[in-house]
Protein chains: 2
Amino acid sequence: MHQGDTVGPLDTAVGYVLKEAASALRGAMDAALRPLGLTVPQYSCLELLGQRPGLSNADLARGTFVTRQSMNVVLQGLEARGLVTRPAEAPQGRQLPAELTAAGYDHLRAASRAVQAVQVRMVAGLSAARQQELLETLTACARNLTETT
Amino acid sequence: MHQGDTVGPLDTAVGYVLKEAASALRGAMDAALRPLGLTVPQYSCLELLGQRPGLSNADLARGTFVTRQSMNVVLQGLEARGLVTRPAEAPQGRQLPAELTAAGYDHLRAASRAVQAVQVRMVAGLSAARQQELLETLTACARNLTETT
DNA sequence: TGGTGCATGTAAGGATTTTGACATACGCTG
DNA sequence: CAGCGTATGTCAAAATCCTTACATGCACCA
């Protein structure tokens with residue numbers, strides 16, 4: 001076996017620090033959203049809907065990296081709380097376009113501020129150029145792994 | 001509300017692409033490890049133990065970003081399969097130092113190669129300098145969020 | 001026109017993970 | 001030495017998530 005075939009020290013493995021950062025972010029977001037009565041998946045759903053109203057359940061699931069079933073229970077919860085509305089019947093096909101209510105937008109504004117504060121704290125001390133590079137590098141990494149070729 | 005107080009377009013949010021990359025990595029690792037009969041948490045445990053034998057359950061939990069309870073069931077499973085051994089009684093205190101068996105090391109070697117292949121694919125097209133910078137940037141982000149100050 | 005493939009929404013079940021709680025063991029400090 | 005705080009292992013219960021499955025709707029093509 002050649003040297004470098006195995007993972008090596010964890011602190012030097014990209015996958016490890018990626019998991020570490022994602023875990024830390026998840027925890028920080030969870031703590032920031034708890035006072036608002038929202039979980040991370042719920043916030044993700046609101047944020048996505050706020051930016052792109054009319055998204056279907058499957059669209060939201062893909063956008064938040066969970067299954068359709070998981071997103072469905074999130075949507076049902078948000079619907080029961082009056083933050084999201086869905087038509088009783090599909091306008092065309094089977095897709096039910098979801099939209100935020102006024103209360104949904106209110107919750108989203110407060111939650112978005114809290115999450116933004118977390119993000120600001122996360123990238124504290126990083127130059128704008130470095131933040132941009134991080135963005136591009138992570139996007140490239142994700143694309144490398146999701147390509148089917 | 002000032003501009004920039006909210007999250008903004010998702011593709012430009014560091015937290016979003018971080019989650020996206022972590023999700024893609026998780027999925028790719030899962031697919032790579034499935035033929036070997038290992039889950040991602042199980043592999044994480046083996047890798048950690050291979051590099052630092054004698055780690056306790058709580059140590060492993062911290063190292064893999066899960067709770068002690070979750071790591072405990074992982075350890076029990078690996079122990080039942082003969083990949084990990086733990087003493088019946090704690091040498092000192094309550095910590096039970098875990099170690100890999102010979103079979104455990106065998107599984108780890110194969111799994112580590114598979115995971116390394118995934119990591120190589122993930123960072124394909126990135127220069128060594130850029131990979132190093134990604135490593136440092138993510139570490140800094142994680143540290144920013146876990147600081148208690 | 002009928003069939004095939006694919007995407008969607010939904011329900012039921014199981015598996016995994018976390019939360020809450022408790023007893024124990026060590027270190028520190030008065 | 002006694003008390004307090006912290007860390008560990010473990011149990012039980014709850015929550016969360018995914019896997020499997022099925023019925024429906026649309027697009028495509030023979």
Side-chain angles (χ1 to χ4, degrees), chain A residues 19 22-31 33-34 37-45 48-49 52 54-81 84-99 148, chain B residues 19 22-31 33-34 37-45 48-49 52 54-81 84-99 148:
Chain A
K19 191 173 179 179
S23 174
L25 175 61
R26 169 71 182 239
M29 282 179 64
D30 204 73
L33 290 172
R34 187 172 301 121
L38 288 175
T39 66
V40 173
Q42 286 170 343
Y43 159 73
S44 302
C45 180
L48 213 47
L49 270 183
R52 307 176 66 173
L55 249 45
S56 72
N57 178 26
D59 291 329
L60 292 167
R62 275 187 293 269
T64 53
F65 316 110
V66 295
T67 60
R68 297 190 306 260
Q69 294 83 340
S70 297
M71 179 50 66
N72 201 20
V73 310
V74 170
L75 272 176
Q76 286 174 359
L78 294 175
E79 215 170 355
R81 285 169 63 180
V84 168
T85 54
R86 277 191 293 181
E89 297 180 359
Q92 106 279 9
R94 300 204 62 185
Q95 306 188 12
L96 292 175
E99 289 186 5
T148 55
Chain B
K19 192 173 181 180
S23 175
L25 175 61
R26 171 71 182 239
M29 283 179 62
D30 205 71
L33 291 172
R34 188 172 301 122
L38 288 175
T39 65
V40 173
Q42 286 170 343
Y43 159 73
S44 302
C45 179
L48 212 49
L49 270 183
R52 307 178 65 175
L55 248 46
S56 73
N57 179 25
D59 291 329
L60 292 166
R62 273 189 294 269
T64 53
F65 317 108
V66 296
T67 60
R68 283 169 304 180
Q69 294 84 336
S70 296
M71 180 50 66
N72 202 20
V73 311
V74 170
L75 273 176
Q76 286 175 0
L78 294 175
E79 216 170 354
R81 284 169 63 178
V84 168
T85 55
R86 275 191 294 181
E89 297 179 0
Q92 105 277 8
R94 301 203 64 185
Q95 306 187 13
L96 291 176
E99 289 185 4
T148 55

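Lettering follows sequence order; numbering is per chain, from 1.
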For this session: To the nearest Å, give me how far apart CD (A/Q76) and P (D/dC17) are.
Result: 14 Å

For this session: Taking only heavy atoms on the protein side, list every residue of residues 60-68 of chain B lying under 4.0 Å from any atom of DNA chain D, sorted numerically.
Result: B/R62, B/R68

Exercise. Should A/N72 be listed as having a side-chain N or O under 4.0 Å from OP1 or OP2 of C/dT10?
Worked result: yes

Seminar exercise, completed: Judged by nearest nucleotide, the residue sitting upstream toward the 5' end of DNA chain D, A/V74 or A/R94, is A/V74

For this session: Check B/L55 against B/D59 and note the closest heavy-atom contact, atom names and distance.
Result: CG-CB, 3.7 Å

For this session: Grab the two heavy atoms, one from A/G37 and one from A/Q42, that are nearest each other, plus how far apart they are.
Result: O-OE1, 3.9 Å

Problem set entry | side-chain N/O A/R26 vs C/dT18 OP1/OP2, d < 4.0 Å | no

Problem set entry | A/L33 to A/V40 - nearest heavy-atom pair and separation | CD1-CA, 4.0 Å

Exercise. Which part of the nucleic acid, if any, lies within contact of A/S56, taking any heavy atom under 4.0 Å across all strands shown: a base, the sugar-phosphate backbone alone, or nothing?
Worked result: sugar-phosphate

Exercise. With nearest nucleotides of DNA chain C determined for A/D30 and A/N57 from heavy-atom distances, which residue corresponds to the more 5′ nucleotide?
Worked result: A/N57

Exercise. Whole-Å distance between C/dT17 P and B/L75 CG?
Worked result: 12 Å

Exercise. Between A/R86 and C/dT8, is there a side-chain N or O to OP1/OP2 distance below 4.0 Å?
Worked result: no

Problem set entry | Interatomic distance, A/Q92 CD vs D/dA27 C1' [rounded to whole Å] | 13 Å

Exercise. How close or far is atom P of D/dT24 from atom CD of A/E89, stated in whole angstroms?
Worked result: 15 Å

Exercise. Do you know which two heavy atoms are closest between A/A98 and A/V84, and how far apart they sit?
Worked result: CB-CG1, 4.1 Å

Exercise. Within a strict 4.5 Å, meaning less than it, do heavy atoms of the B/L78 and B/C45 side chains meet?
Worked result: yes

For this session: Provide, to the nearest angstrom, the distance between the CG atom belonging to B/D59 and the C1' atom belonging to D/dG9.
Result: 12 Å

Problem set entry | Out of D/dC17, C/dG9, D/dG9, whichever nucleotide has its closest atom nearest the side chain of A/P41 | D/dC17

Exercise. Residues two or more places apart in sequence or in another chain: which of them pass side chain to side chain contact (heavy atoms under 4.5 Å, CB included) with B/L96?
Worked result: B/R86, B/P87, B/A90

For this session: May I have the distance from B/M71 (atom CE) to C/dT18 (atom P), rounded to whole angstrom?
Result: 10 Å

For this session: Round to the nearest Å and state the distance from B/Q95 atom CD to C/dT24 atom P.
Result: 18 Å

Problem set entry | Within-4.5 Å side-chain heavy-atom neighbours: A/L38 and A/R81 | yes

For this session: Report yes if a donor N or O on one partner sits less than 3.5 Å from an acceptor N or O on the other, where the partners are the side chain of A/Q69 and the base of C/dT10; otherwise report no.
Result: yes

